[in-house]
Each structure stands twice: as C-alpha cells, then as structure tokens.
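Read through the structure below, which is laid out as structure tokens, and then see the notes.
First listed ligand is number 1; within each ligand, the first listed atom is number 1. Heavy atoms only: backbone and side chains are in, while hydrogens, waters and symmetry mates are out.
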Amino acid sequence: MKKTITVFKGDGIGPEITDCVLEILEAAGAELDYEIFNVGEAEWKRNGALIPDEAYASFERNRVLLKSPITTPIGHGFRSLNVTLRNKYDLYANIRPAKSNAAVKTPFSNVDMVIFRENTEDLYVGVEKMIDEDTVHATKIITRKASTRIIRDAFEYAKNHGRKKVTCVHKANILKMSDGLFLSIFEEIAKEYPEIEHDDKIIDNTCMQMVMNPNQFDIIVTPNLYGDLLSDLASGLIGGLGLLPSSNLGTDYAMFEAVHGSAPDIAGKHIANPTALLWSACMMLEYLGQKDCAAKIRGAVDEVLEDGTCLTPDLHGMATTEEYRDAIIKKIK
Ligand code: ATP
C-alpha cells in the first residue's frame, strides 16, 4: 500500500529541486502518494499565510514531511519557519550525514561522519531581551530532557549502524553550567555503551580538527548552534551544501530536508543541485521501510557522479538541474 506524505515546496530553489526530486521518486517506483503545498515567503505574499492551515493539517495526518528550503520574511516579526516546525512537532533530533563521494573531488577523502544536532533549544529558543538601548541579552537553554534524548539517539545510532565512536562537541570550558550539563549527561550515557568509544572536544578545536583530520570523526553529538555551524563546515569537506541531506526526527513526526537554504542567488537559473534534497528523500524512504527504492536512487546518483559528464555547476559541471535529473532517471531505468 502506498504511503501518503506531505511535501512543502518552499522558496528560492525550493520548487525547482522539489519537482526534480518528485520526478526521480516516481521513476524509481517509490510507493508514495503526495499532498503538495506551497509554503514560505512567496506563499505569504500570494495568500497571506506562510504555512497554510491545510499544509499543517496534512503533516499532522501523514506525519512524514519532505520539505524544501523556506525563506522566512525578514523585518515582519516572524520567527524562523524552520525553527517553528521543529518546535511545533518536537523534531528534536537533526541527523546530518556527511560522507565523501569518491567521484566528487575535494581536498579531503573518506569523510564519513554523522552529526546529531539537538534541534529544539540552545540559543535557538529565540529569547532575546533589550536590557537598555546598548545591551541585549539572548537566552541559551540546555535541559536534561532534551540533552538526554539526543545523546541517547546518537549512541543508539552508533550501536545499530556499526559505528565505532561518539564525540560530544561543546564549549563547557566557558559555558560551565549549560554546556557543562550537556557534557555531564554525555558522560553518564556513554557508560551504558561500553562497546562504543567516546570522547569530547571543544567547538573551536573541533573546527580546526575537522579541517586538519576529518577522518577522526564518526558520530558527533552537539547542542543546536554548534550543530548548525559544524554541518555547514562538514558540507564543505564533501563538496558543498548541494550534497548534505538531513532528517529531523521526533517521537511522532519526521521531516526530511536538505541542509542548505533557499539559495535565492541561483533561484530560477536551472543550476541548483537537487542531490541534498534527493538524499533526504532517500533517508525518508529508508525511514518508511522502502530501502530497495532508496538504494536504487542512491546507486543511480553514484553512477552519474562517477561518470562526471553531467554535473551541476557547484560540482564544477555545466549541466542544468533538469539535465542532471534526467541523467539520474536514465540510470534508474
Ligand atoms: P539559510 O540561512 O537559509 O541556511 P544560507 O544563507 O546558509 O541559507 P544557502 O541558501 O544555504 O544560504 O546558500 C549558501 C550558498 O550555497 C549560496 O551561494 C547558494 O547558491 C549555494 N547553494 C545552496 N544550496 C545549493 C544547491 N542545492 N545547489 C547549488 N548551490 C547551492
């Protein structure tokens, strides 16, 4: 039986890469039906709602969302739509795998790390207070509950995927209470997984180490802000933002999206790389138990990357988004 999922098309390159991914899913025979919605800034300008009620209702019904990048209008007092979705549906685990592809040449090889970013708190709670006209305070929240579940998920993932090591990234030398709590929970939970190696690193050192020797990292677990920064850095190691997928998992809902934003600078130019969203869709298929279909798509992408003659400009090719899509569909067929 087909599974119905919700799709948000979003802004900038969102609609073009979503169309492309849906066509590839279709070609690969994914057992999916779609409820598709326009959301974000463009939709707000057209119809006055950033995310229409029917779009929320659809996600609440289907509980699985494939989401393309959304722009939150600046200067109108809106909270980030991404943060809103993550909080509204308690999508606490943001999982971002960064893996080198032999066909995409970068100065780094054999990078294979998975970043577990806590998704609901830290400075992202967005609580800022004007103390006086020259002073603003921002609130960083770290709780035992949120830290425990993301850290446990990271260790469980390591156990279930044959991973060897979990690294906690923090700044507990300065933020002794907040990051200190995160780190102490990490150390407690690590004791329950004696078969998995664990260590911790300070965020600044991690940035340097990631560039000097990225192969030392396996699973990383970290609070929200550091996770955001480290995953963009990790994307640079493997060939750029066009190649970094993610899942956002909670207890009841799951949302799959590319790590990159809506890239307004290249929207409508037919040069966006849809791979990050496509690989996010593969993570979704795996989550839904459609592993063969995901493997078929991953295999076709690998072949197109390996072949190297039909790549988008971010990967130093000359192909349009549509030509790249067609090359993948051809390999699938
Ligand atoms: P956000 O704040 O929403 O995360 P951002 O400011 O980090 O967004 P992005 O939209 O992620 O910016 O884009 C950063 C750069 O990477 C831009 O130059 C953009 O063109 C490029 N980029 C992002 N995604 C892609 C993609 N799928 N294909 C090609 N280039 C991309």
Set of side chain to side chain contact (heavy atoms under 4.5 Å, CB included) partners for L123, sequence neighbours left out: A138, K140, L225
N273, portion touching ligand 1 at heavy-atom distance under 4.0 Å: both
Other residues, nucleotides, ligands: >12 heavy atoms within 6.0 Å of E156 CD: yes
Cationic N near anionic O, under 4.0 Å, K3 to D33: no
Residue M212 excluded, over 12 heavy atoms near CE under 6.0 Å: no
Nearest-neighbour protein heavy atom for atom 7 (O) of ligand 1, which is reported as residue plus atom name and distance: D232 OD2, 4.5 Å
Sub-6.0 Å ring centroid separation between F37 and Y56: no
Heavy atom of protein inside 4.0 Å of atom 12 (O) of ligand 1, strictly below: no
Atom 18 (O) of ligand 1: nearest protein contact (heavy atom, Å): D265 OD2, 2.9 Å
Atom indices of ligand 1 within 4.0 angstrom of A263 heavy atoms, with elements: 10 (O), 19 (C), 20 (O), 23 (C)
Nearest-contact summary for atom 31 (C) of ligand 1 - protein heavy atom, Å: I266 CD1, 4.0 Å
Short N-O contact, E16 and K269, less than 4.0 angstrom: no
Pick from I17, L241, T72: the one approaching atom 14 (C) of ligand 1 most closely through a non-hydrogen atom: L241
Counting only pairs under 3.5 Å, give me each side-chain donor-acceptor contact of residues 44-53, with atom names and distances, residues two or more places apart or in other chains.
from, atom 1, to, atom 2, distance (Å)
R46, NE, E43, OE1, 3.4
R46, NH2, E43, OE1, 3.1
N47, ND2, E43, OE2, 2.8

Salt-bridge contact K331-D302 (side-chain N to carboxylate O under 4.0 Å): no
Under 3.5 Å: N/O of H260 near N/O of ligand 1: yes
Under-4.0 Å heavy-atom contact between protein and atom 24 (N) of ligand 1: yes
S262 to ligand 1, any heavy atom closer than 4.0 Å: yes
Proximity to ligand 1 by part of T275, non-hydrogen separation under 4.0 Å: neither
For atom 8 (O) of ligand 1, the protein heavy atom that lies nearest, with its residue and separation: G261 CA, 3.6 Å
